[in-house]
Amino acid sequence: MASCVAHDDALLVSMERKRGTVSGGPDDPARPWPMRVDPAEGEALSSWLSRIALLYKVAYPDLLERYLGVSKNDGDINLTEDLNLINRIAQLSRVPFDKVRAMTFRGMVPLSFGKGLGSFADYVLEQTVLLRSWGRWEGIDGQTSDWQPWISHGLVRACRKCAASDQVIFARLEWLLPIMLSCPKHGCYLDECFITPGRFISWKVALPGKPSAATRLLYKTTYQAIVSGVTTDYTGAKPAALWFRKLRTVIEELAAPAYVHGDDRKIIKALWSNIGEDAPYAVRKTFENMKWQDQLKILQVAAFSMKYMGEMLIYQKKTLRKQEAVRRAKDINIYLAGATSSYSWQKNLGYGGYKRAVVDPIYASLLRSTLYWYDDVSIERACKVEEYLTARGVTRYAIREIRLVEQKGNHESSIIYFGLPEDGSWSDVRSGIANNRILRGMD
């Protein structure tokens, strides 16, 4: 809502009106605008400037051309990357530079929307998510050299409840992107509309029903990326720019013709069946050029796709853990084979050692190697090996050799040669055990 920020500003306006230099708006293009209009939270730059033009009774295109030097044919000012232009707006409006820049697509989430982000192939086809490869990809009809990711001119979708609670009528920047389906605050669909900032909103027919849980999760993830620059999907945290490229790739995979899908066609068809639709067989327009209803459908399928990928990742992790458990069990069985018949094993490991060997393949390997070289001689000494290695922080090792030697005074000791990994190779380290004590000076 417009507000006069200081008494002297109001006085200045009054004096200039008396001199005839102000008539419905600021007269000098180089002078800061006398009345400050604070932007609403999340407002698009075009919406804010439209409200300023309305305050001064100046046509919006004239405000851009006269005071900002923006041609009427330059397109959407929300796409601007001109820092000099943003700085000029900040000076005229007396609003901080960073706050003005945040009202543009590039300032909201860097390297995600609009111009200068590479070709269609760079942004969309550089990776695959659902498909194992792009197969015989030949491009999309309607693709042009000026393609801009996520930019669909002329379409606005807004939340009726949010708009009703706002103190001033304005367009949020994310409402101008064909990427949002539902409101994160109210959980309802966003409805297509026409917004005249500061004046009125004209609504079209409301979408029936409520968004699915998958759709709400997709919107939540996307909204998190917009407001924080980082988001979390089924693979973990990632920068917003990577998330929007990933989502755009999924949309293209879902919209691609049948011959591109190859062996993954069944998956694509199953995902489309979630909304009762058939997967496309022919080349479609790019997502940005689709009608709103087609964008809505494919975003709904994309939501189920993300849910499917998350479930697949959980399944794969469980499978890997199961395979690892089976492998460990096999290793333990191999290491313990033939060792349990040893008298020393039963006698000296009856107090927890055997139980540990059953679940710990490294420990089982150590004991098996010890028995192989040390046979039935006191196994208590060999068990000290693990204590020694643990104290040194060694977790990977293999026993190369254990020798029983006699020292002066008929004291027996053993020299144990360990193989320890070092820079990708193995090196031998020796340690002695005498009278169940590690001889630490022998490395």
Side-chain angles (χ1 to χ4, degrees), residues 40-44 46-47 78 105 108-109 112-113 149-197 200-228 231 233 240 243-244 246-248 250-252 254-255 271-280 284-308 310:
E41 184 177 357
E43 185 170 13
S46 59
S47 171
N78 300 311
F105 290 123
M108 179 175 62
V109 182
S112 297
F113 313 114
W150 302 112
I151 302 302
S152 293
H153 295 286
L155 292 176
V156 180
R157 286 173 287 277
C159 172
R160 292 174 184 261
K161 295 180 180 180
C162 286
S165 64
D166 291 334
Q167 295 182 357
V168 64
I169 296 174
F170 69 96
R172 286 177 169 82
L173 191 57
E174 66 261 24
W175 287 352
L176 307 181
L177 294 168
I179 197 173
M180 304 302 183
L181 288 177
S182 62
C183 175
K185 181 178 180 181
H186 299 105
C188 57
Y189 276 119
L190 301 182
D191 292 325
E192 192 173 355
C193 62
F194 178 80
I195 301 177
T196 300
F200 65 87
I201 299 180
S202 176
W203 296 97
K204 294 192 176 183
V205 179
L207 290 173
K210 294 183 178 180
S212 65
T215 298
R216 293 195 300 270
L217 178 60
L218 175 64
Y219 185 93
K220 180 180 178 181
T221 305
T222 301
Y223 188 72
Q224 182 188 19
I226 288 176
V227 299
S228 67
T231 194
D233 68 355
W243 161 252
F244 288 115
K246 183 176 184 177
L247 179 58
R248 187 60 184 81
V250 169
I251 288 174
E252 207 58 49
L254 294 170
L271 291 171
W272 275 95
S273 68
N274 283 287
I275 64 168
E277 295 277 343
D278 293 328
R284 292 190 173 192
K285 293 182 179 179
T286 53
F287 172 78
E288 290 76 11
N289 295 325
M290 290 180 182
K291 295 180 179 180
W292 161 229
Q293 290 299 327
D294 291 332
Q295 289 181 342
L296 174 62
K297 290 178 182 179
I298 204 166
L299 281 170
Q300 288 175 322
V301 181
F304 286 109
S305 301
M306 291 301 183
K307 179 182 177 183
Y308 163 77

Roughly how far apart are [X] [atom1] and [Y] [atom2], rounded to 0.5 Å?
{"X": "W175", "Y": "F170", "atom1": "CH2", "atom2": "CZ", "result": "6.0 Å"}
{"X": "N274", "Y": "Y308", "atom1": "CG", "atom2": "OH", "result": "11.5 Å"}
{"X": "K297", "Y": "L254", "atom1": "NZ", "atom2": "CG", "result": "14.0 Å"}
{"X": "K185", "Y": "C159", "atom1": "NZ", "atom2": "SG", "result": "8.5 Å"}
{"X": "D294", "Y": "L299", "atom1": "CG", "atom2": "CG", "result": "11.0 Å"}
{"X": "E277", "Y": "L271", "atom1": "CD", "atom2": "CG", "result": "13.5 Å"}

Mind listing the closest non-hydrogen atom pair of [X] and [Y] along with its distance?
{"X": "G42", "Y": "E174", "value": "O-OE1, 4.3 Å"}
{"X": "L176", "Y": "A171", "value": "CD2-CB, 4.4 Å"}
{"X": "P211", "Y": "C188", "value": "CG-C, 4.1 Å"}
{"X": "W292", "Y": "M180", "value": "CH2-O, 4.3 Å"}
{"X": "L218", "Y": "A302", "value": "CD2-C, 4.4 Å"}
{"X": "W203", "Y": "A163", "value": "CZ2-CB, 3.9 Å"}

Look at the side chain of S152 and the backbone N and O of E288, then say whether any donor-acceptor pair between them is shorter than 3.5 Å.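 Judged by distance alone, yes, a pair lies under 3.5 Å.
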
Is D191 reaching over with its side chain to a backbone N or O of V205, donor-acceptor style, under 3.5 angstrom?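 Side chain of D191 to backbone of V205: no pair is present.
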
So, do [X] and [Y] sit near enough that their side-chain heavy atoms are less than 4.5 Å apart?
{"X": "L247", "Y": "T221", "value": "no"}
{"X": "F287", "Y": "P178", "value": "yes"}
{"X": "Y223", "Y": "I179", "value": "no"}
{"X": "I251", "Y": "M290", "value": "no"}
{"X": "P184", "Y": "K220", "value": "no"}

Passes side-chain contact (heavy atoms from CB on, under 4.5 Å), D166 versus E41? Steps please. CA-CA 10 Å; D166 291 334; E41 184 177 357; over 6 Å; no

State plainly whether the residues K291 and E192 are in salt-bridge range, i.e. N to O under 4.0 Å.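 Here K291 does not pair with E192 in a salt bridge, since their nearest N and O are not under 4.0 Å apart.
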
Assess the residue pair I195 and I169 against the criterion (side-chain contact (heavy atoms from CB on, under 4.5 Å)); give the C-alpha distance rounded to whole Å, side-chain angles, the decisive distance to 0.1 Å, and a yes or no. CA-CA 8 Å; I195 301 177; I169 296 174; 4.1 Å; yes

Hey, mind stepping through D233 and K246 against salt bridge (charged side-chain N to carboxylate O under 4.0 Å, His left out) and telling me if it holds? CA-CA 11 Å; D233 68 355; K246 183 176 184 177; 2.9 Å; yes

With side-chain hydrogen bond (donor to acceptor under 3.5 Å, both in side chains) as the rule and sequence neighbours excluded, what pairs involving residues 207-216 come up?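 Sorted pair list: S212-T215.
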
Any chance you could lay out the side-chain contact (heavy atoms from CB on, under 4.5 Å) test for I151 and L177, step after step, and finish with the verdict? CA-CA 6 Å; I151 302 302; L177 294 168; 4.1 Å; yes

Classify the angle between the aromatic ring planes of F200 and F194 as parallel (below 30°), tilted (30 to 60°) or perpendicular (above 60°).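 Tilted, since the angle between the ring planes falls between 30° and 60°.
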
Would W272 and F304 count as a ring pair (Phe, Tyr, Trp, His ring centres under 6.0 Å) here? Give the steps. CA-CA 9 Å; W272 275 95; F304 286 109; over 10 Å; no

